[in-house]
Amino acid sequence: MPRKKRTPEEFSIDKAAQEMLIRAEDLGLGTAFTRADDMSPCPIGADGLCCKICSMGPCRITKDGLTGVCGATVDTIQARNLIRMIAAGSAAHSDHGRDMAFTLKATANGEAEGYVIRDVAKLRELAAIYDIPIEDRSPEEIANDLADLYIAQFGQQRGELVLVKRATENRQKIWKELGVIPRGIDRETVEALHRTHIGDDQDAEHLIRHAVKTALADGWGGSMIGTDVSDILFGTPAPMLGQANLGVLKEDMVNVVVHGHEPTLSEMIVAASQTPEIIEYAKKAGAKGVNLSGICCTANEILMRQGVPAAGNFLQQELAIMTGAVEAMVVDVQCIMQALVGLAENFHTKIITTSPKVKIKGATHIEFDEHKALTIAKDILKNAIDNFAKRGDTQIPDVREDLVPGFSHEYINYMLGGSYRSSFRPLNDAIMSGRIRGVAAIVGCNNPRNQHDAMHSEITQELLKQDVLIVETGCSSIASAKEGLLVGEAGLDKVGPGLREICETIGIPPVLHMGSCVDNTRILTVLTQMVEEGGLGDDVDQIPAVGLAPEWMSEKALSIGTYCAASGAYVIFGGVSPVSGKPSRISDSDLVTKIISDGWEERYGARMDFIAEADEMIEATLAHIDKKRADLGLPEYDPEAFGQSGDARMLELEELSLADRRQAIYGAPVA
Ligand code: SF4
Ligand code: MSK
């Protein structure tokens, strides 16, 4: 029986996406959505029951008691599959961090065309943490030493990653006792691959312990380096106005969409697009100028630092091309669909690959080199401008929303207390009093197996009603931006009364955009600083906080989930667990699931669960937050207790007569 095909409304909750999916259907073009409908996932692979690491297999464990040809059990196979995915995710993030560290080194030595050190304060602050001398030294001298230290973390063979000392003392103690502090970033990933070669580590517990070490090398290693260096080079994000969705594309301008993850080239493209040379070149081609926008996390990087609009999240990369209005899509690394090249052939769009690590057959390759970044960025833009004349029919959805991104942990600290007394005290106090019930970090991708953005939206909106402060990164934050939840006043009517008071008092949106996928390390820093501020226990696992990845799809998400759980944050994934499969319905082989849930809870104070339905994810989040509140001895959450002050109260009072207003404020008539 043929499978049921979904409608555009069933594919996505986003109006712009729906419009482009209708256009795709009219033009007879496929997308990830239709391909997902056409191809069911392999049930054996999806459940982690298949091993293909040697040519005696692939072996499929489809019956109780069955093993691979080599005798590998289902537990070993699932553990090996999981650690390999985590290793790939950790490697992707960390290699990004490595490139950033080398760019910092080149900038410090005056060898990186167009780059400067923009955040000297952050450079000095980080250098001081690692005992790098800062007094009477130039930013370049300090940056040189910091770059050397960070570059050394990748190849370090013994000892401990230096960044681990930024975790709470308690957490470091737990990791030391369990033997999971990474020695070097590359070493743990290589060892993960070695251990999973045929005939090596065949004990699920032992494998998963190393998976934690590999993921910690990402969160407290490669990713953290990526975030640190991006801030030093391009500036630590602070709130600014931006826009999101396909309606940011412009009819009368050359549209260049940057897509992927690394800010190094995209920052230079932003700079190049503003030069008189490029503006003049675009005008000569008949356009008003160059209009930049982004997809995925490259979008987040330049959105939160430069205010460059986001055209969309992961599942909108093909839909941007479908508008017919994109002259060039410039891609770097990660989350780039190969389908872009074939799709672009139906339009005039050029797909330009730029990373020495990423080529796509049929795409134009203009290789990035930080030593001549500005020259290359201009070359790319001229390529796009030359393409403007070839533009055919266009259809740009008139859908876009304003947003305020840029809530780095430094800015959150500042906004809560101001320049001279920056502090997490007001946030901790709000949680302790119950104005804020708890904190949820909603992160991660889109997955065409789900309705695009639907889980992000449902979970975010319901948790806001429940007075849960939300921080977001990656494609999740673009989903909320498109829903209008990242603007100060917008969405506050959908927020619980206590949280609303806090948002109004500080002047923040109810959902804080904290950056790209590598910037999940900012969340680790916020949680650590909340512990250090006092009143919420002595480690991250005691804070009423949860991490969710409702529409995850990438291996990086599994690495993020693992380092967050090992750092003490309860993690909930949506969708299907890659290790949940059992050879039969009566099988009791769920060892790996038990290790990452009950096992991690016992060891790290936090578990990782896979929960398919949004309402169950919300229930589990609130139950966890309330349990942590009770464990800390905090007052039980009471939605009636707050909300009688702030702007909402003032608006109510404005409705009253003067006498009634005085009565309401002072409790008695005032002459
Ligand atoms: Fe099969 Fe063992 Fe080879 Fe895996 S390692 S494919 S289980 S024989
Ligand atoms: S881009 S990893 S789809 S969040 Fe970072 Fe989005 Fe997930 Fe890629």
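Counting convention: from 1, in listed order, for ligands and their atoms alike.
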All heavy atoms of Tyr563 vs all of Asn520, minimum pair found to be OH-CB, 3.2 Å
Just wondering, do Trp552 and Asn447 contact through their side chains at under 4.5 Å, heavy atoms?
-> no
Give the numbers and elements of all ligand 2 atoms closer than 4.0 Å to a heavy atom of Gly444.
-> 4 (S)
Using a strict 4.0 Å threshold on nitrogen-to-oxygen distance, state whether Asp218 and Lys556 make a salt bridge.
-> no
Which heavy atom of the protein is the closest neighbour of atom 8 (Fe) of ligand 2, given with residue, atom name and distance?
-> Cys335 SG, 2.2 Å
Backbone of Thr354 reached by a side-chain donor or acceptor of Asp332 within 3.5 Å | no
So for Arg60 against ligand 1, with non-hydrogen atoms under 4.0 Å, the contacting part is neither
Atoms of ligand 1 less than 4.0 Å from Ile198 heavy atoms?
-> 5 (S)
Nearest-option assignment for atom 1 (Fe) of ligand 1, heavy atoms, candidates Gly57, Cys54, Cys59, Pro58 = Cys59
Can a donor-acceptor pair be found between the side chains of Asn313 and His452 at a distance below 3.5 Å?
-> yes
Per-residue contact class, Ser554 against ligand 2 - non-hydrogen pairs under 4.0 Å = side chain
Atom 6 (Fe) of ligand 2 to nearest N/O/S of Cys517 below 2.8 Å = no
May I ask you to list the atoms of ligand 2 that are less than 4.0 angstrom from any heavy atom of Cys296?
-> 1 (S)
What do you reckon, is CD of Glu9 surrounded by more than 12 foreign heavy atoms closer than 6.0 Å?
-> yes
Which of the ligand 2 atoms, numbered from 1, are nearer than 4.0 Å to a heavy atom of Phe314 = 3 (S)
Any idea which protein heavy atom is nearest atom 6 (S) of ligand 1, and the distance to it?
-> Cys51 O, 3.4 Å
For atom 8 (S) of ligand 1, what's the nearest protein heavy atom and its distance?
-> Cys70 N, 3.4 Å
Which residue holds the protein heavy atom closest to atom 6 (Fe) of ligand 2, what is that atom called, and what is the gap in Å?
-> Cys475 SG, 2.2 Å
For Met56, the atoms of ligand 1 under 4.0 Å from one of its heavy atoms are 8 (S)
Can a donor-acceptor pair be found between the side chains of Glu551 and Asn450 at a distance below 3.5 Å?
-> no
Give the atoms of ligand 1, by number and element, whose distance to some non-hydrogen atom of Ile53 is under 4.0 Å.
-> 4 (Fe), 5 (S), 6 (S)
Numbered in order shown, the ligand 1 atoms found under 4.0 Å of a heavy atom of Gly68 are 7 (S)
Go through the side-chain N and O atoms of Ser12 and Gln18 and say whether any donor and acceptor fall under 3.5 Å apart.
-> no
May I ask you to say whether Arg209 pairs ionically with Glu205, meaning some side-chain N is under 4.0 Å from a carboxylate O?
-> no
Has the side chain of Thr227 got a donor or acceptor atom that lies under 3.5 Å from a matching backbone atom of Met224?
-> no
Atom 5 (Fe) of ligand 2 - name of the N/O/S atom of His261 that sits closest to it = NE2
Output yes if Cys297 passes the N/O/S-under-2.8 Å test against atom 5 (Fe) of ligand 2; output no otherwise.
-> yes
Modelled atom types, side-chain donor and acceptor of Gln316 and Asp14, under 3.5 Å | yes
Check each heavy atom of Cys445 against ligand 2 and say whether those closer than 4.0 Å belong to the side chain, the backbone, both or neither.
-> both
For Met553, the atoms of ligand 2 under 4.0 Å from one of its heavy atoms are 3 (S)
Under the criterion side chain to side chain contact (heavy atoms under 4.5 Å, CB included), which of Val571, Ile523, Leu548 is the partner of Val443?
-> Ile523
Any idea which part of Gln334 is under 4.0 Å from ligand 2, heavy-atom wise: side chain, backbone, both or neither?
-> neither
